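Here is the structure we will look at, set down as structure tokens.
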Amino acid sequence: MEKKKIKDEIPGSIEKCQEAVKEIFQSSSDIVIDTFETIKGMAMLVYVDGLIDKNLVDRDIIAPLKSINFEGDISAAIRCTIADVDNMSSVTGQVLQGNTAVFFEGRKKVAIADLKSFQMRSVEPPDAEASIRGPKEGFTENLRTNTSLLRRKIRTPDLIMENITIGRQTNTVITLAYIRGIVNTDVLDKVKYRLSKIDVDSIMESGYIEQYITENGFSTISGIGITQKPDVAAAKILEGRVAVICDGTPHVLTIPELFIENIQTAEDYYNRTILSSLLRLLRVLGLFISVMLPGLSVAVITYNQEMMPAVFFQNLIVSTAKTPLPAGAEIFLLILMFELLREAGTRLPKAVGSAITIVGALIIGEAAVNAGIVSAPAVIIVALTAVTSFIIPNLTEFTLVYRLILLFLGGSMGLIGIGAGMVIMLTQLISTTSFGISLLDSFSKPEFKDSAIRFPLWSLKLRPLSIARDNIVRKKENK
Amino acid sequence: MPKRLFMLFCIALVLQLTGCWSRREPKTLALISSALYDLNEEGIYSTTIEIINPEAQGSPQDSGDGKSPTLTVSGEGKSLPEALRKTAESLERNLFAGQTLARFYTERYAKKDIVKDQDYFLRDFLTDEKPLVIILRGDDPQLLYTATLGLSNTVGNYIDNLHRTQDNFISTAVFIDTLMFLKDYHREGKQPVAGVAQLIEDDTQSSGNESKGGEDSGKATMESTGREGSGKEDKKYKVKYEGLAAFKDERLVGYLDAVETRAYKILTNTIGNSVVSLTDGDHVTALHIDKSKASLSACAADKGKKKAKLDVKIKMDISVMQADENLDVTDFENLKALEDRFNKQIRDEVLRAIKKAQTEFKSDIFGFGNAMHADRPGEWKKFRANWDESFSDADINIRIQSSINRSGLIKKTIKNRA
Amino acid sequence: MTKKPLLSSSQLVLMSVGSAIAFPYTFMPILNAPPANQDTWIVLFVSIIYILLISTPLLILINVFRGFNVNEVLETIAGRILGKAAAVIFSLFFLFCFVACLLMAVIYINLFILPDTPLWALLLYCAIPISYASLKGAGTIGRLAFFIVPFVILTVLFFFLLGVKDIDLGMLRPVLADSTFLEVNIGGFYTGARYSEILIFFVFSYFLQKKARVNKLFLTAIGVFALSFFFILLPILTHLGAELARHAWNPYFIYTRHVEGYDFIERVQAINTLAWFPVILLKLIIYNYMASYMLSNAANAKSHRGCVIPISVFGSLACLIPLLNKSSTVELLRSDQVFPFVVIPVTFVLPLLLLIAYFFRRKKINKIIEKRKHIADPDV
């Protein structure tokens, strides 16, 4: 440690500096060390090739330093400096971030210039969370673009963007965005604390952060929201949440996420009230079907036949008489088949994907029934389940796990099993917290107005009370 | 917590593997549509159950492959459950009584005691109190399952469809499910009743593929070259669902015919709507009962409180369905006269029904005792013990008010040319 | 130390309603209490007066000792040893209720829903959710009630509305003619004496938000309970009649099997099952939690968690005892000979003694309460 500390200092002479830099970066091919002479002495630029704009380096650094008007004051000469650092490790960090380090003969400090320019994807509509009404832009892989997208939505000095670097090797920059005065400070402190506790090699994507900071490691619900849309992120920040933007990924985390947010979309607020409310109720129904339908139908088919309409029951007997499996196993098999097809479909190139769909539809829908492997009612049940599972994509993990649990419980104990499963599911949901906030707490009166239904915007006077604690009024009373 | 959840998951899996005890796969079930119960003189129960063959259900074209839409099996035993188990002996499916629609009881069975056997239906897990209670008249009850049915393919469905569509329409039959039957049995001052089905010879030509020529060969030959009716085997029966079986406590005591059944339905406020024809020589007027409200009451007729008095008040809204030429629906006097004729006819019918219950059955199937219990609980306490006798020789007082409110789409009867 | 969970007032109300409604929902003891005829619905309303009377001593104690947990209350009033003894009596009562209710639940399931399933499997399916939710503590139980009980009340209303067209109010006549005033009162007393849900207030009011007013909540709880009970009782009396209903194990089940609507809603007792099972689990969860909470406090344990699973296991094992595992045992528990006489000493006699003790040691205790208030709210 001692040695390193000594080495950390910036040596006075450029040769020593050069040596020090070379020692740090060894022979990395993309590190450019450019030494040149000015009228006041030697200067050295260190940057990563490909992360900076060389034209700008020429114009903004080399040209002023080489000019005859240069008086030896680096910071006066170079306008684009963002910092002056006095140790080698900071220099390394800045260079790796894509900044340019400017060493100067005899100067114990290094000027850091920001002339970043690198290849990146432009702002495009996100692939998930498509919307018909509302902004189409989505976050990109570039942190700065993302923060700018947010800043363009919320133009207030209270929007704070704090940077934290995590990852011993990757040194990923993470930005916490929140609004001072609205944000729930308990949550913010917890987020900061947990982020500071992360000590790992790498942060490749915001999913890493999600898994490191969530308190529900094994739960089916993380309590952390993910969005690709700046308007969604901005709205959530405005409700008192914290957004965690991770460099290198378009997926922004919003903390905390209540359960009810899964059935809410940005469009609910852009469309008119009644339509939005109906759509939300539809999504709640979809969630219920997606979780309960296989288990419930198996329970009814094998335990409570008397409640089926007689005609349907007779048809059911006819169609299941020719299949080998019991009803529960049949539905399980179909769910399995569907998940296989879905997995194959997402991973395959688009061109092949459609082939999988056709094969899947044929196998599941037609051939399996004709061949007498599964019965037609089972196909319908699983198809409905599959369709509804796409309605709430964020809850895939939750729905899949509980769908299977309820299927087995319903198959083994009928409605009693379903009841037991429901109590367990509810208990888990209820007792799950996200950063100290209970997931299903969104049923107080002002929050109810924006939960499974949405009241008109003018009546949503308060922010969600379970999240915003201090500054809860979002709309002043009309006079 | 996660561990525990996982544990539960595993246990559920294990349970699924080791067998699910109460599970009934649909394909292993035999759906009972209706059942016929009989009790002979030696005290042996015999049961015939009608099982739906789901393969042969559906459109009539499907049944062309010779599969019968139903299967009937029967068994005997010293008790009802035993007899039912016997029926299942030769059956390769499990009996499923959860959707039984009707239970038929033979006349001789009903005359003994059908209430004590209802205990089994309510006690058992699968049977319930939904099926209709029907007394089957006729000498050979087993012919029930050979009878031709309307458009339905099982007897149970036939009765159930009848119940759903015709209950409000014919008003000459009652549809009493097991719960209603037992409710009346347990109710103070009201005796239970049940529906009645009768097997009668089907001498009309039923249309479609069922018509294979009946015993009335004259009609059969009219249609085609005609297969001669070859005697008794081809005799067709059909189910006539009409009337009402009156009980005294747990025993069948007699039947009401169609008209008396309508009176019963009027008295118990269960009449939906019904057509009443008033005939006067060649003149016929048809009236329609839209709404009827009867209030029964019973009280002591004398101070000794031995003799009872029955009071019936009926208010009816009726409308004209068909008018004869004498009727002028715009004339109030004319309508009034019609109302009076109507009242008289209804009064006669109601009186006939009550008299029959009093003299023939000695059983208060209308619930006069119940009315006394509700209105005059004090008097009821005295009558309660011997209500059936008091009912039998009680005086009857009937008041009927009716008003013709609607007279249809035409003003003058169509026969009137002037 | 973790923060103590907070219950909202509606959660507490729904908890007590859910727990109280579980018995009428399973089988109606009120139908067998005198006078056992069509006047039973009057008995229901009379019983509310008795509930209020019986609950008064505890209610006074709860109001005096807001902010104290149960064991602190007991120990403050009765001293260390006697307080602990009282706590043990309470927890034994909860344990008894737990076992009795579990026994009823599994035997009921065995009779009506899953006849061929062995008891141990049913017990497993009850004990796991119970232990799981009970381990999670008061806050979770409150929220659980918030989701389960409204569902139950909705199904009750659903069945009521389906049957409303066939309601025959004549079945309720004559009113008060066949039963004497005394009979109605005895019936009311027996029915009221079964109501042990004041103990839920006793235990859980510690977790209640500060501003909530316990008296008002208790009245609301009784009102909601009585109304839901009424909506269960009325269709039974009018559809089945009191006489036939008394023959049935669970008349409400028969009623729900009998309702019809729109030509396709038939024999939908499964919906009743689906609502009934969670609410009976909720009751068991609450009693499990209360028993383990009081036991662990009496044993000076840090959290109730240690007792939850042993209690569940004990309850399950007790249900497997061949002597208890009979429908006739449940019939006995359902009758007026057991529950009222077990509940009354705990909900009325013991609290009354405590109340008397409190009045004798009033000055000293009030000082402790004052002191406690200052510590509890330093900012006030």
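Small disclaimer: the values here were computed from a predicted structure and weren't measured. By convention in this document, chain letters (A, B, ...) are assigned in the order of the sequence lines, proteins followed by strands, and residues within each chain are numbered from 1.
In terms of heavy-atom proximity, C:R267 sits nearest to B:P131 at NH2-CD, 4.4 Å. The shortest heavy-atom contact between B:P377 and C:P174 is CG-CB, 3.8 Å.
Contact of B:D177 with chain C is made through the side chain alone, with heavy-atom distances under 4.5 Å. Proximity to chain B is limited to the backbone of C:I113, based on heavy atoms less than 4.5 angstrom apart.
With a 4.5 Å cut-off on side-chain heavy atoms, C:H258 and B:E129 count as touching. Counting heavy atoms from C-beta on, the side chains of B:K130 and C:E260 come closer than 4.5 Å.
Within a 6.0 Å sphere centred on CZ of C:F158, other residues, nucleotides and ligands contribute more than 12 heavy atoms. Atom CZ of B:R164 is surrounded by more than 12 heavy atoms from other residues, nucleotides or ligands within 6.0 Å. Atom NZ of B:K313 has 12 or fewer neighbouring heavy atoms from other residues, nucleotides or ligands inside a 6.0 Å radius. Summarising the local packing, CZ of B:R384 is surrounded by 12 or fewer heavy atoms from other residues, nucleotides or ligands at distances under 6.0 Å. Atom NZ of B:K27 has more than 12 heavy atoms from other residues, nucleotides or ligands within 6.0 Å.
Going from atom CG of B:L179 over to atom CD1 of C:I254 covers 7.5 Å, rounded to the nearest 0.5 Å. For the atom pair CG of B:L122 and CG of C:L244, the computed distance is 7.0 Å after rounding to the nearest 0.5 Å. From C:D166, atom CG reaches atom CE of B:M180 across 8.5 Å, with rounding to the nearest 0.5 Å.
Checked by atom type and distance alone, the side chain of B:K183 pairs as donor or acceptor with a backbone atom of C:H239 at under 3.5 Å. Here the side chain of C:R257 pairs no donor or acceptor atom with the backbone of B:D128 at under 3.5 angstrom.
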ask   = Could you go step by step and tell me if C:Q38 and B:E188 meet the side-chain contact (heavy atoms from CB on, under 4.5 Å) rule?
value = CA-CA 11 Å; C:Q38 67 277 4; B:E188 280 193 30; over 6 Å; no
request  = Test side-chain contact (heavy atoms from CB on, under 4.5 Å) on C:R246 and B:H186 and set out the steps.
outcome  = CA-CA 11 Å; C:R246 271 168 56 203; B:H186 282 294; over 6 Å; no
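Counting heavy-atom pairs closer than 4.5 Å to chain B, the top residue among C:P118, C:A245, C:A248, C:A242 is C:P118.
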